[in-house]
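Residue numbering restarts at 1 for every chain, and letters A, B, ... go by the order of the sequence lines.
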There are 2 protein chains.
Amino acid sequence: MDAYKYIKEAIIHGKYEPGMRLGEESLAKELSLSRTPIREAIKQLESEGLVIPLKRGVSVRNFTREDIQQIYDLRTLLEGYAASQAALHRTEEDIENMKEANSRYEEAIERYKEADLDSIKEIVNFNQQFHEAIISACNNPHIYFHLSKVVVVPLVFRSFYWYESFELKRSLEVHKTILSSIQNQDSERARVAMTEHIYQGRDQVLAHLEEIKKIHVLKEDTHD
Amino acid sequence: MDAYKYIKEAIIHGKYEPGMRLGEESLAKELSLSRTPIREAIKQLESEGLVIPLKRGVSVRNFTREDIQQIYDLRTLLEGYAASQAALHRTEEDIENMKEANSRYEEAIERYKEADLDSIKEIVNFNQQFHEAIISACNNPHIYFHLSKVVVVPLVFRSFYWYESFELKRSLEVHKTILSSIQNQDSERARVAMTEHIYQGRDQVLAHLEEIKKIHVLKEDTHD
DNA sequence: AATTAACGCTTTGTATACAAACAGTCAATG
DNA sequence: CATTGACTGTTTGTATACAAAGCGTTAATT
């Protein structure tokens with residue numbers, strides 16, 4: 001298997017926890033590869049900021065609350081812009097793609113049972129497809145290039161596991177607003193709606209972070 | 001020497017031209033290294049988009065006119081935002097850094113003799129320091145992370161070799177406007193001035209690209 | 001007992017050797 | 001004459017071996 005993808009997934013899925021040191025030898029054994037391809041994969045992850053260099057080797061980056069705030073600020077900026085440009089440049093095909101992805105998203109939400117991992121993964125996947133449809137409609141591939149590195153980060157916290165049904169429904173409504181704004185070529189409305197949508201996502205991640213923190217504090221207490 | 005830096009510089013300085021294929025073996029010989037560190041460097045450059053994968057190995061990316069337009073759009077967005085945030089969050093020390101860099105920039109422009117490479121490099125360098133001072137004042141390191149990859153691209157065209165004295169002086173004036181807006185915490189003015197400043201830079205790169213194109217056409221003609 | 005020096009172990013950095021994939025050429029055949 | 005097939009040389013992908021740099025532990029000296 002491709003070492004880069006494997007390690008990246010493992011970080012996102014929490015197999016390698018933040019702060020954990022990544023040894024080349026152990027990764028090589030785990031993937032039944034030699035150290036050479038592992039090193040290349042690590043270099044890539046390093047230049048994307050998912051792992052940070054230590055005096056010796058690298059460790060999984062630990063994103064702070066501040067990081068999340070800043071990263072989401074960046075994302076509102078980029079993706080808000082993408083939405084506004086999509087409104088100006090969208091073709092019929094673009095609109096079709098967005099509608100398609102969003103219908104799937106809606107269906108998946110209807111099927112949703114709380115705490116069912118597979119159904120959540122499905123939802124996350126179609127949500128991503130909707131966002132990607134917009135980004136590719138904005139006529140600026142470079143935006144996509146940078147956004148793809150920004151979007152990964154919050155995934156590390158897997159906060160969507162905690163989504164409640166009403167949050168998903170609200171998200172779906174906003175999607176529809178964004179979609180119709182783009183269809184009507186109302187670029188400013190598209191930008192604002194997208195920006196707000198992403199801020200809502202940020203709030204949920206931050207709330208989830210608080211939950212984690214509490215649990216951590218509880219754990220600390222039981223140790224005494 | 002560090003392979004990553006070396007190759008990057010070589011691409012920027014035009015030693016490796018766009019479209020040129022980069023063989024591992026030849027790079028290794030050139031740097032008196034083995035292929036292993038070369039491959040790691042290439043993987044990094046690839047994930048930054050400076051080289052693109054071929055069926056076999058990589059080649060130096062050829063940025064089109066469209067790429068430049070899109071990249072500058074991105075840069076106005078990011079750096080305009082950075083300027084507006086810098087206006088909100090700047091400390092006294094931030095202001096000092098900006099003033100320092102800009103003074104150096106002004107001095108270098110006064111010393112400027114057209115077509116003197118060293119004096120141009122000096123100017124480019126202090127200009128960059130000024131922009132970096134703003135970006136670090138904006139309280140969002142992630143912006144810097146992405147901007148650093150955006151800013152490199154136009155350098156490939158080395159259009160600043162062609163700068164005329166009046167263009168540099170205009171640029172200096174805009175710097176002063178940006179600086180005072182930030183000092184006065186006028187965030188919207190800072191954003192607009194920065195945005196305009198970068199669009200001016202884009203115009204110059206695009207004009208330079210036209211020049212190059214003309215020369216190319218002339219060359220083609222002489223071949224017949 | 002504390003501090004430092006030295007030793008050894010672990011892990012990364014680099015080189016090299018080998019395997020496999022691809023490109024180009026030349027020849028054979030329809 | 002064109003098209004296909006096999007061969008060969010070149011280049012990348014992977015593994016392994018070796019060099020060097022850090023870190024921890026232990027022992028010796030003050």
> Which whole-number value in Å describes the distance from A/Leu27 CG to C/dT10 P?
Replying inline: 18 Å
> Should B/Glu9 and B/Lys5 be marked as a salt bridge (charged side-chain N to carboxylate O under 4.0 Å, His left out) after you check the CA-CA gap, both sets of side-chain angles, and the distance that decides it?
Replying inline: CA-CA 6 Å; B/Glu9 298 275 312; B/Lys5 271 192 181 172; over 6 Å; no
> Do other residues, nucleotides or ligands put more than 12 heavy atoms under 6.0 Å from the CD atom of B/Glu66?
Replying inline: no
>> Measure NZ/B/Lys29 against P/D/dT12 and give the value in whole Å, please.
In response: 13 Å
> Under a 4.0 Å heavy-atom cut-off, which of residues 32-39 of chain B touch DNA chain D?
Replying inline: B/Arg35, B/Arg39
> Rounded to whole angstrom units, what separation is found between the CD atom of A/Glu40 and the P atom of C/dT12?
Replying inline: 16 Å
> Could you give the CG-to-P distance, from A/Leu31 to D/dG13, as a whole number of Å?
Replying inline: 18 Å
>> Whether the B/Thr76 and B/Thr195 side chains hold a donor-acceptor pair (N or O, under 3.5 Å, no angle test) is what I'd like checked.
In response: no
> Quick one: B/Glu25 CD to C/dA17 P, roughly how many Å, whole number?
Replying inline: 12 Å
> Nearest 0.5 Å, what's the CD1-CD distance between B/Ile134 and B/Glu79?
Replying inline: 7.0 Å
> Salt bridge or not for A/Glu30 and A/Lys15, using N-O below 4.0 Å?
Replying inline: yes
>> If we count only N and O atoms by modelled type, under 3.5 Å, do the side chains of B/Glu122 and B/Tyr105 hold a donor and an acceptor together?
In response: no
>> Please list, in numerical order, the residues of residues 41-61 of chain B that have a heavy atom closer than 4.0 Å to any atom of DNA chain C.
In response: B/Arg56
>> When you measure from the centre of the six-membered ring of A/Phe145, is the NZ or CZ of A/Lys149 closer than 6.0 Å and no more than 45° off the axis?
In response: yes
>> Taking the ring of A/His131 and the ring of A/His175, is the distance between their centroids below 6.0 Å?
In response: yes
